[in-house]
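Just below is one structure, and these are the notes that go with it.
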Amino acid sequence: MMDSMIAIVLLLISNFMIAWTRQVGKGWVRILFSAIAGLLLIPAFLFGLRALM
């Protein structure tokens, strides 16, 4: 149960960061937040996979 909640929270944070970077404009901040949001998908996937096991 806890693994699925962690996966959901990580996906929500990643989604919020992607939506926010679209508003920011251009520059290194957008690239940085997009990279962080993309890297958050890896542990979210792993926690989701662990929750299914």
Side-chain atoms of residues 4-25: list all donor-acceptor pairs with protein atoms under 3.5 Å, sequence neighbours left out, distances to 0.1 Å.
unit_1	atom_1	unit_2	atom_2	d
S4	OG	M1	O	2.7
S14	OG	A37	O	3.0
T21	OG1	M17	O	3.2
T21	OG1	I18	O	2.8

Point to revise | side chain to side chain donor-acceptor pair (under 3.5 Å) partners for R30, two or more places apart | key: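 Here no residue qualifies.
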For [range], pull every pair meeting side-chain hydrogen bond (donor to acceptor under 3.5 Å, both in side chains), keeping only residues two or more places apart or in separate chains.
{"range": "residues 31-40", "value": "none"}
{"range": "residues 35-49", "value": "none"}
{"range": "residues 44-53", "value": "D3-R50"}

Which pairs would a plain distance check flag for residues 38-48, meaning a side-chain donor or acceptor within less than 3.5 Å of a matching protein atom at least two apart in sequence or in another chain?
none

